[in-house]
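Accompanying notes for the structure given below.
First the proteins, then the strands, lettered A, B, ... as listed; each starts at 1. The figures here come from the full heavy-atom set of this structure, side chains too, leaving out hydrogens, waters and symmetry mates.
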2 protein chains.
Amino acid sequence: MNETIACAICSEACCTLDIDGESQERLVRMFKALGSPVRFEIMKFLVTHPGCITGDIVEYLPVAQATVSQHLKVLREAGWVAGTTDGPARCYCPDSENIAWFREIVGEIL
Amino acid sequence: MNETIACAICSEACCTLDIDGESQERLVRMFKALGSPVRFEIMKFLVTHPGCITGDIVEYLPVAQATVSQHLKVLREAGWVAGTTDGPARCYCPDSENIAWFREIVGEIL
DNA sequence: TCCTTTCATCGTAATTTTACGATAAAGAGT
DNA sequence: ACTCTTTATCGTAAAATTACGATGAAAGGA
C-alpha cells in the first residue's frame with residue numbers, strides 16, 4: 001500500500017508520501033497511544049514531573065494501579081516514555097528522542 | 001483534573017501543563033483519529049491528492065465505501081480534513097489551519 | 001419526473017480496548 | 001529466609017471501535 005500507484009486524480013502513476021512501512025507503523029502507534037484521555041493525562045503528568053514513579057501517577061489519577069501500569073506499557077511501547085528501574089520502583093520520563101522524531105516527521109508529512 | 005494539584009514529587013501544590021479542557025479534548029481527538037492505519041492512509045492520500053473526492057479514496061483503498069465514509073467523518077470531526085460539496089460528490093482537503101494548530105500545541109506541550 | 005451518480009447513515013457482527021481485582025515477580029531491608 | 005514495597009501480568013466483564021451490506025438522501029442530467 002506504500003508504492004507508487006495510479007489514481008483517478010492523476011490518471012497516471014503518481015506520488016505518495018515518502019515514509020517507509022516501519023516508520024509509519026511507529027508513527028501510527030504514537031498517535032494511537034496519545035489518543036486516549038487517560039494516557040494523555042499520564043503524559044502531561046510525566047512532562048511536568050519527569051522521573052516520577054508509577055505510584056505517583058496512580059496517586060494522581062482516579063484510576064487503578066493495574067490500569068496505570070497497562071497504560072504506561074502502551075506509552076512505553078509507543079516510544080512516548082522511557083522507564084528506568086530504581087529498586088522495586090520504576091522512574092518514568094518522556095522519551096525526548098522519540099518525541100523529537102515525532103515532531104520532525106509530522107512536520108515533514110502533514 | 002486540570003487545576004493545580006499537590007503530588008508526591010513536589011509535596012506541595014505544583015505545576016501542570018497549561019492547556020484548557022476543550023483544547024485538550026480536541027488534541028486527544030486528533031491523536032486518536034490518526035491512530036488508525038486506515039485513517040492514516042486516507043490522510044496520506046489526501047495530502048498528496050488534495051481536493052480529491054471520496055470515491056477516489058474508495059478506489060485507492062481495499063475498504064468498503066461505507067467504511068471510508070465513516071473514517072472520513074472521524075477525520076472531519078477531529079479537524080484533520082475539510083470537505084466541500086461539489087454536486088453529489090464531496091471534495092476533501094487537509095485542514096491546514098487545524099494541522100498547524102496541532103503542530104504548534106504539540107511543540108509547546110511535548 | 002425518473003434515472004444515475006455520489007455519498008452518508010443505519011443496523012449489526014466481530015474484534016479490540018479499557019478497567020478492575022487478584023496474583024505474581026522483583027528488589028531492599030531486617 | 002521473611003517481609004514490605006512497588007510494579008507487572010493474568011483473567012475477565014463491559015464498552016468502544018471497526019467493517020460491511022443495505023438503505024436513504026441529495027444533486028444533476030435525460
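- Rounded to whole Å, the distance from NZ on A:K73 to P on C:dA25 is 15 Å.
- A cation-pi arrangement is not found for A:R29 relative to A:W80, the charged atom failing to lie both closer than 6.0 Å to the ring centre and inside a 45° cone about the ring normal.
- Spacing between atom CG of B:L61 and atom C1' of D:dT18 amounts to 14 Å, rounded to whole angstrom units.
- One can place CD1 of B:I53 at 9 Å from C1' of C:dT5, the figure rounded to the nearest angstrom.
- Nearer to the 5' terminus of DNA chain C, by closest-nucleotide assignment, is the contact made by B:T54 (compared with the other of A:V74 and B:T54).
- Contacts of B:A66 with the nucleic acid, taken as non-hydrogen atoms under 4.0 Å apart, include base atoms.
- The CD-P distance, from B:Q65 to D:dG21, rounds to 11 Å in whole Å.
- The aromatic rings of B:F102 and A:F31 sit parallel to each other, their planes meeting at less than 30°, with 60° as the upper class boundary.
- One cannot find a donor-acceptor pair under 3.5 Å joining the base of C:dA8 and the side-chain atoms of B:Q70.
- If you measure from atom NZ of B:K32 to atom C1' of D:dT17, you get 8 Å, rounded to the nearest angstrom.
- If you run side chain to side chain contact (heavy atoms under 4.5 Å, CB included) between A:V68 and each of A:I57, A:D56, A:V38, only A:I57 comes through.
- A:Q24 CD to A:I19 CD1: the interatomic distance, rounded to the nearest 0.5 Å, is 5.0 Å.
- Heavy atoms of A:T67 sit under 4.0 angstrom from at least one base atom.
- Distance, B:R90 CZ to D:dA27 C1': 11 Å, rounded to whole Å.
- When heavy atoms are screened at a 4.0 angstrom cut-off, A:V68 is found touching no nucleic acid atom at all.
- At the heavy-atom level, B:V58 lies nowhere under 4.0 Å from the strands shown.
- Protein atom NE2 of B:H71 is 13 Å distant from nucleotide atom P of C:dA8, rounded to whole Å.
- Using a 4.0 Å heavy-atom cutoff across all strands shown, A:V38 reaches sugar-phosphate atoms only and no base atom.
- One interatomic measurement links the two molecules: CZ of A:R29 to P of C:dT16, which rounds to 16 Å at whole-angstrom precision.
- When the shell of 6.0 Å around CD of A:E97 is examined, it contains 12 or fewer heavy atoms from other residues, nucleotides or ligands.
- Among the protein residues, B:S69 comes within range of the nucleic acid bases, having at least one heavy atom under 4.0 Å from a base atom.
- Regarding contacts with the backbone of D:dT6, every side-chain N or O of A:Y92 stays at 4.0 angstrom or more from both OP1 and OP2.
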